[in-house]
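In the text below, chain A, chain B and the rest are named by the order of the sequence lines, each starting its count at 1.
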Amino acid sequence: MASEARSGLEERVAGALREAVREAYGLELNGVHVERPNEAVHGDFATNVALANARVFRRSPREVARNIVASLEAPFLESVEVAGPGFINFRLSSRALGEELEALLAAGEMYGRREASGEPVLLEYVSVNPTGPMTVAHGRHAAYGDSLVRIMGAAGRRVGGEYYFNDGGNQIRLLGESVAARYAKLFDREWPVSDPEALYRGEYIREIAEDLKDRDVDRYLNAAPGEALPEIMAFATAWCMDDIEATLARARVRFDGYFNEKSLYESGAIEEVVEELKESGHAYESEGALWLASSKFGDDKDRVLVKKDGSYTYVAPDIAYHRDKWSRGYETVVDVWGADHAGYGPRLQAGLVALGLPEDFLDVELVRLVKLVRGGEQVKVSKRAGNFVTFDELLDEVGEDAARYFYVRSSHRTEMNFDLAVAVQQSDENPVYYVQYAHARIASIFRRADLDPETTKEVPPGDFAPEERALLLELFDFPRVVKGAAARREVHPLPTYLETLATRFHRFYTVHQVLVEDEGLRQRRLALCAATKNVLRIGLGLLGVNAPERM
RNA sequence: GCGCCCGUAGCUCAGCAGGACAGAGCAGCGGACUUCUAAUCCGCGGGUCGCAGGUUCGAAUCCUGCCGGGCGCGCCA
């Protein structure tokens, strides 16, 4: 059962307010809503309808507010008052708060979660080329994408995550040559390469070469390079894919599917879309290449689909790939890309529209770059040069929880300065521990009481202290936060929320003893703790972070 | 030059379907553990919300211009 089976307090207040406006003025107003005031003295919820509509009624805002209040009927409110320039402040009754708390506990792990409905959405993210290990920059994509899938799923979207392995382009050939050269070197032999300068140099190239030698010994040395290279490429690519998948698994990043670019070549899907574009007149030959008339569809200029040498540019397989997504039944797909691909969107979009797909089929979320800094100085990172820091190394240093939390704490739309020195040193100060600690503290209370928070469901009637009220209202805000984050495709509202929630709890904990003699009071506070623990666990879970029982 | 994004406290960042005195963490200073975990809590100091206009009863939030920074503008991916 989803929590929305019973409407949230916010909606109840807003509903009563709408009713009062209708009663007082005999009309419907748009955008009548309530919000949480910053200050507790301004009540639990507040509205600015009177301020916003005073002009319509040609009366002062305060007068309008008083008029609306006079028509308001809401037994779940303890008090309603007109304040300031014309705000209406609402204060909920303890009884209403208690009922809502019971609803939260009844919903359990489903709290804030909506039943899946609507059109399926496919989110593609990470999609790191299998030419080396994941770097700390890729980690941000992984943390963002995986959390977003979880959040959208919780908000009721039918969403799946997919990883696109670019195992078809010429970077794979380059990887193959890099490994082959290294492999030959293990036997003190030379391997003819097209461009020695362009080879990948990372330490992992040596590892792959050694693994290749372990498996096949000197088999490739005397084979014609034309025969051996494809096999080495396949080996190296598979090696990298395994490595990437292992890192992702470790970081608790899950995908519903992996898609290989190579399959598009093998199935003829690329040829097919290229032919189709030609036939529809959206692709033309010029200067020995085949061009996509993308400028007709909003791109700055036309783009090459098939190069002079007959091979495809990146766009062609990508169009085929996205058309495949379409034919799988998705009506919306979201691609998570690095900011350095910003200019690429219009091109792909143009190709898809040229094929007759709707313009709103593809949505792109750009994740801003991660600038690597060491001791305040920027580090130039290049996978090819091999001087990068891997995601695995970061996980070794700070742990999965701290790493994932750190990545999604700030908006994916802002640049991130990643100072390795600080990241490690800060792992102790990472706010994730602040949030986790609240969870562990609650677990400790239940251990002491020898009770199971999962079976704590009842809320005896009684009043709530200010710290309890603040905590409750924060708890009840959770579904709205999840919904809003999903709608805006943002992850960082969750950490922000969780830290506020943890603050509310720590404050409550400092002021009030939970395990007191008075049975009603004790039970109410235990219920509050159980609810907090529940929301913390769900919230951390949406970020792929553990909620520890002890710390 | 054109396009997209960013500019909030010493640092890292929230807040931006306009609202009541601009928030948090870290860093600095000072307090609180015989009581459910002090990885906590309380207090103090610290801000022309890049700048200038505009819309509005009201702007960090919306609009315009400018300044500063990032990214992109390949028959690379």
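Residue E490(A) is the one, among E490(A) and E499(A), whose nearest nucleotide of RNA chain B lies closer to the 5' end (criterion: closest heavy atom). Of the residues near RNA chain B, H512(A) and S286(A), the one whose nearest nucleotide (by heavy atom distance) lies more toward the 5' end is H512(A).
Stacking of H492(A) onto the six-membered ring of A14(B) is not present when judged by under 5.5 angstrom between centres and under 30° between planes. Stacking is found between F87(A) and the pyrimidine-like six-membered ring of the A20(B) base under the 5.5 Å centre-distance and 30° plane-angle cut-offs.
Distances were taken from every side-chain heavy atom of R409(A) (C-beta onward) to each of C75(B), C21(B), G25(B); the shortest belongs to G25(B). Here the nucleotide nearest the side chain of S410(A), chosen from A20(B), C13(B), C75(B), is C13(B). The nucleotide whose nearest atom lies closest to any side-chain atom of A339(A) is, among A77(B), C71(B), G19(B), C71(B). Here A14(B) is the nucleotide among C75(B), A39(B), A14(B) with the atom lying nearest to any side-chain atom of T414(A). Nearest nucleotide to the side chain of P431(A), out of C75(B), G25(B), C21(B): G25(B). With A20(B), A14(B), A77(B) as the choices, the nucleotide that has an atom nearest any side-chain atom of P37(A) turns out to be A20(B). The side chain of Y437(A) sits closest to U40(B) out of C36(B), C13(B), U40(B). Side chain of K307(A), nearest nucleotide from C36(B), A77(B), G72(B): A77(B). Side-chain proximity of H506(A) to the nucleotides C75(B), C21(B), C41(B) is greatest for C41(B).
Base contact: R368(A) has a heavy atom under 4.0 Å from a base atom. Nucleic acid contact for A54(A): none, since no nucleic acid atom lies under 4.0 Å from a heavy atom of the residue. Residue contacts shown for A449(A) are absent, as no nucleic acid heavy atom lies under 4.0 Å away.
Side-chain contact of Y25(A) with N53(A): a donor-acceptor pair under 3.5 Å is absent, judged by distance alone. For the 3.5 Å distance criterion, the side chains of E467(A) and H512(A) qualify, holding a donor opposite an acceptor. Side-chain contact check for R404(A) and S147(A): at least one donor-acceptor pair (N or O, by modelled atom type) lies under 3.5 Å. Using a 3.5 Å distance cut-off with no hydrogens or angles, the side chains of Q171(A) and N166(A) do not pair a donor with an acceptor. R489(A) and H412(A) share no donor-acceptor pair across their side chains, judged by distance under 3.5 Å alone.
Under 4.0 angstrom from either OP1 or OP2 of C42(B) there lies at least one side-chain N or O belonging to R507(A). When the side-chain nitrogen and oxygen atoms of T500(A) are compared with OP1 and OP2 of G15(B), none of them lie within a distance under 4.0 Å. Neither OP1 nor OP2 of G23(B) sits under 4.0 Å from any side-chain N or O of N38(A). Residue K301(A) has a polar side-chain atom (N or O) positioned under 4.0 Å from OP1 or OP2 of G74(B). Between A38(B) and R441(A), a contact under 4.0 Å exists linking OP1 or OP2 to a side-chain N or O. At the phosphate of C26(B), neither OP1 nor OP2 sits under 4.0 Å from any side-chain N or O atom of Y433(A). For Y314(A), no side-chain nitrogen or oxygen approaches OP1 or OP2 of G74(B) to under 4.0 Å.
Between the side chain of Q171(A) and the base of C76(B) there is no donor-acceptor pair of N/O atoms closer than 3.5 Å. Side chain N89(A) to base A20(B): a donor-acceptor pair is found below 3.5 Å. Counting distance only, with no hydrogens placed and no angle test, the side-chain atoms of N48(A) and the base atoms of G19(B) include a donor-acceptor pair under 3.5 Å.
Pair check for C13(B) finds G23(B); Watson-Crick or G-U wobble, both atom distances under 3.5 Å. If you check G65(B) for Watson-Crick or wobble pairing at under 3.5 angstrom, you find it paired to C51(B). Pair assignment for G3(B) gives C71(B), based on Watson-Crick or G-U wobble hydrogen-bonding distances that are each under 3.5 Å. U40(B) is paired with A32(B) under the Watson-Crick or G-U wobble criterion, all donor-acceptor distances under 3.5 Å.
Because its glycosidic torsion is more than 90° from 0, A38(B) is reported here as anti.
D167(A) contributes a side-chain N or O that, together with a main-chain N or O of E261(A), makes up a donor-acceptor pair within less than 3.5 Å.
Here Y497(A) and F478(A) bring their ring centres to under 6.0 angstrom of each other.
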